[in-house]
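A short worksheet on the structure shown next.
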Amino acid sequence: MIKKIITILTLISMVIVIIIGCASTQFFSKYDIYTPSPKTAEAYLELGRLWGNRHFNQIKIKPKQIDTLFIEALIGPTLDFFWINTDLKQAFKKGYRLGYEDRIADLVLGPHFERAAIEIGKVISKKFVAVIDTFETNWVKTLRRAIDIFIVLIAEGSQADREGFIGMFTKIYGEKYMATQALLKDSPDMLQESAGGTQLYIDMKKVQAVLKIPEAKTLKTEIYQQTFKVMGDEMGQRYSHNLISREELIEWLRRSKTALEEIEGNNLGIIYCAFANSYGTDAGHVFIDLISAAGFNVNIVNPNCK
């Protein structure tokens with residue numbers, strides 16, 4: 001009977017040890033479920049001790065060896081190590097030294113901080129790139145959409161239609177531009193300029209960043225000029241492949257005359273350069289013939305195509 005009781009107690013003890021061991025393993029494989037709340041020095045001291053104990057007693061980490069789970073914890077929401085205050089950092093380091101139980105604790109801990117910093121650099125740089133890519137992609141898409149609409153307004157609409165479109169555009173965009181200028185004026189010393197010349201105004205006290213944008217008049221001119229480039233390209237491609245008749249193209253040019261005069265510059269020359277690039281051989285003579293038939297003074301083209 002006594003032997004049976006001893007045997008049962010032994011089995012129970014083994015089960016408890018296994019359960020404790022599994023619980024410990026589960027804790028470190030599910031580290032993200034334990035986040036100090038509130039974040040106190042005591043909590044970080046204990047958490048440091050647990051990680052130090054894991055490295056010394058459980059997986060027996062030596063200097064220059066890396067525990068990837070620990071890296072994830074350092075930069076993740078569990079420890080949030082690089083964003084907590086100095087007191088919490090010191091508490092964690094102290095706890096780690098207590099848990100590691102060896103004078104080389106710092107030699108084990110240091111490489112993990114270094115690797116974590118590298119990973120943070122990778123993550124943040126990718127976020128910056130994503131923000132820039134999104135801005136550039138959306139800017140181009142939006143500009144292209146505006147150009148497509150404007151081409152229709154030139155080819156099929158009236159001057160009043162174009163004025164309505166541009167008027168509302170400059171009003172809404174102009175309000176944003178003026179708001180941006182007010183922020184820049186309010187914080188004149190926060191310019192950060194890259195080697196490439198991109199200007200981003202940052203005010204860390206207000207936790208805001210302001211991208212220096214072109215004024216409404218400049219963007220309006222850009223929409224016109226880009227529209228003329230796309231028009232010239234489409235004219236050249238369609239005409240060279242017999243997708244538009246001479247009469248239709250002449251009418252298109254004739255209807256474009258007013259739009260070409262709505263902003264300064266050699267706008268007919270812009271159309272010609274794009275047309276010539278798409279049409280190919282003998283584009284100059286062909287274009288002169290077309291604009292002459294459309295009622296343009298052929299001497300005003302004089303483009304400086306690049």
Side-chain angles (χ1 to χ4, degrees), residues 135-181 212-280 283-306:
F135 168 78
E136 292 174 342
T137 301
N138 288 341
W139 181 272
V140 172
K141 283 182 178 178
T142 305
L143 180 60
R144 179 66 207 213
R145 193 168 179 81
I147 289 169
D148 289 341
I149 294 169
F150 210 55
I151 289 175
V152 173
L153 293 177
I154 291 173
E156 303 172 17
S158 65
Q159 183 176 358
D161 296 334
R162 291 193 300 277
E163 287 177 350
F165 173 82
I166 287 295
M168 183 54 68
F169 171 85
T170 53
K171 177 181 181 298
I172 301 299
Y173 180 86
E175 290 172 355
K176 173 59 179 175
Y177 175 79
M178 294 305 294
T180 300
Q181 290 302 110
K212 189 175 182 181
I213 59 177
E215 61 179 313
K217 181 181 178 181
T218 302
L219 190 55
K220 172 187 172 181
T221 300
E222 183 70 12
I223 288 176
Y224 269 93
Q225 291 181 345
Q226 290 295 333
T227 298
F228 297 147
K229 287 179 183 179
V230 175
M231 279 176 52
D233 179 67
E234 289 188 8
M235 287 176 176
Q237 289 195 46
R238 291 187 192 183
Y239 201 46
S240 66
H241 291 91
N242 296 318
L243 298 175
I244 187 172
S245 68
R246 181 175 182 274
E247 291 71 24
E248 288 174 321
L249 188 48
I250 290 171
E251 179 59 24
W252 188 357
L253 285 165
R254 186 179 290 122
R255 292 182 65 86
S256 304
K257 187 177 294 185
T258 305
L260 290 166
E261 296 171 351
E262 289 171 359
I263 61 167
E264 295 180 359
N266 185 9
N267 300 314
L268 191 58
I270 293 175
I271 293 179
Y272 167 73
C273 290
F275 178 91
N277 187 55
S278 295
Y279 187 83
H285 293 296
V286 173
F287 192 76
I288 292 296
D289 172 64
L290 290 169
I291 63 172
S292 178
F296 287 92
N297 178 356
V298 296
N299 295 320
I300 67 173
V301 178
N302 191 25
N304 182 22
C305 302
K306 296 179 180 180

**OP:** Mind checking the CD1-CG spacing from Ile250 to Leu290? Nearest 0.5 Å is all I need.
**Re:** 5.5 Å
Original post:
Got a sec, which residues hit salt bridge (charged side-chain N to carboxylate O under 4.0 Å, His left out) with Arg144, two or more places apart in sequence or on another chain?
Top reply: Asp148, Glu234
Original post:
If you look at every heavy atom in Tyr177 and Ile213, which pair is closest and at what distance?
Top reply: CE1-O, 3.4 Å
Subject >> Inter-residue atom distance Thr180.OG1 - Met178.CE, 0.5 Å rounding >> reply: 10.0 Å
**OP:** List the atom of His241, the atom of Gln237, and the distance in Å for their closest heavy-atom pair.
**Re:** ND1-O, 2.8 Å
Original post:
Do Thr218 side-chain atoms and Pro214 backbone N/O form a donor-acceptor pair below 3.5 Å?
Top reply: no
**OP:** Indicate yes or no for a side-chain donor-acceptor contact from Asp233 to the backbone of Val230 under 3.5 Å, with no hydrogens or angles considered.
**Re:** no
Original post:
Does a side-chain N-to-carboxylate-O contact under 4.0 Å join Lys257 and Glu261?
Top reply: no
Original post:
Can you tell if the side chain of Gln159 reaches within under 4.5 Å of the side chain of Glu262, non-hydrogen atoms only?
Top reply: yes
Original post:
Is the backbone N or O of Ala293 less than 3.5 Å from a side-chain atom of Arg254, with the two atoms forming a donor-acceptor pair by type?
Top reply: yes
Original post:
Is there side-chain contact between Tyr239 and Arg246, with at least one heavy-atom pair below 4.5 Å?
Top reply: yes
Original post:
Are any side-chain N or O atoms of Ser278 and backbone N or O atoms of Phe275, one a donor and one an acceptor, separated by less than 3.5 Å?
Top reply: no
Original post:
Which atom names give the shortest non-hydrogen contact between Ala283 and Ala276, and what distance separates them?
Top reply: CB-CA, 3.5 Å
**OP:** Would you give the length of the straight line joining atom CG of Leu153 to atom CD of Glu163, rounded to the nearest 0.5 angstrom?
**Re:** 11.5 Å
**OP:** Indicate the ring-plane relationship of Tyr173 and Phe169, choosing parallel, tilted or perpendicular according to the 30° and 60° boundaries.
**Re:** parallel
Subject >> Interatomic distance, Gln225 atom CD to Asn266 atom CG [nearest 0.5 angstrom] >> reply: 10.0 Å
**OP:** Take Tyr272 and Ile288 through the test side-chain contact (heavy atoms from CB on, under 4.5 Å) and record every step on the way to the result.
**Re:** CA-CA 9 Å; Tyr272 167 73; Ile288 292 296; over 6 Å; no
Subject >> Pair Ser292, Asp289: side-chain N/O donor-acceptor within cut-off below 3.5 Å >> reply: no
Original post:
Which heavy atom of Trp252 sits nearest a heavy atom of Ile244, and at what distance?
Top reply: CE3-CD1, 3.9 Å
**OP:** List the steps and the verdict of side-chain contact (heavy atoms from CB on, under 4.5 Å) for Ile154 and Phe228.
**Re:** CA-CA 10 Å; Ile154 291 173; Phe228 297 147; 4.0 Å; yes
Original post:
Is there a side-chain contact between Met231 and Ile270 (heavy atoms, below 4.5 Å)?
Top reply: no
Original post:
Step by step, would you call Thr258 with Arg162 a side-chain contact (heavy atoms from CB on, under 4.5 Å)?
Top reply: CA-CA 10 Å; Thr258 305; Arg162 291 193 300 277; 3.6 Å; yes
Original post:
Counting N and O atoms only, with roles assigned by atom type, does the side chain of Arg255 sit under 3.5 Å from a partner on the main chain of Gly157, one being a donor and the other an acceptor?
Top reply: yes
Subject >> Main-chain N/O of Ser245 paired to Glu248 side chain as donor or acceptor, under 3.5 Å >> reply: yes
**OP:** Any chance you could lay out the side-chain contact (heavy atoms from CB on, under 4.5 Å) test for Glu247 and Glu251, step after step, and finish with the verdict?
**Re:** CA-CA 6 Å; Glu247 291 71 24; Glu251 179 59 24; over 6 Å; no
Subject >> Rounded distance [0.5 Å steps], CD1 in Ile147 versus CD1 in Ile223 >> reply: 7.5 Å
**OP:** Identify the heavy atoms of Ala216 and Thr170 that sit nearest to each other, and give their distance.
**Re:** CB-O, 4.1 Å
Subject >> Approximate separation, where rounding is to 0.5 Å, of Asp161 CG and Glu156 CD >> reply: 10.5 Å
**OP:** Taking Asn267 for its side chain and Ile263 for its backbone only, find out whether a donor-acceptor pair lies under 3.5 Å.
**Re:** yes
**OP:** Assert yes or no for the condition that the ring centre distance of Phe287 to Tyr279 is strictly below 6.0 Å.
**Re:** no
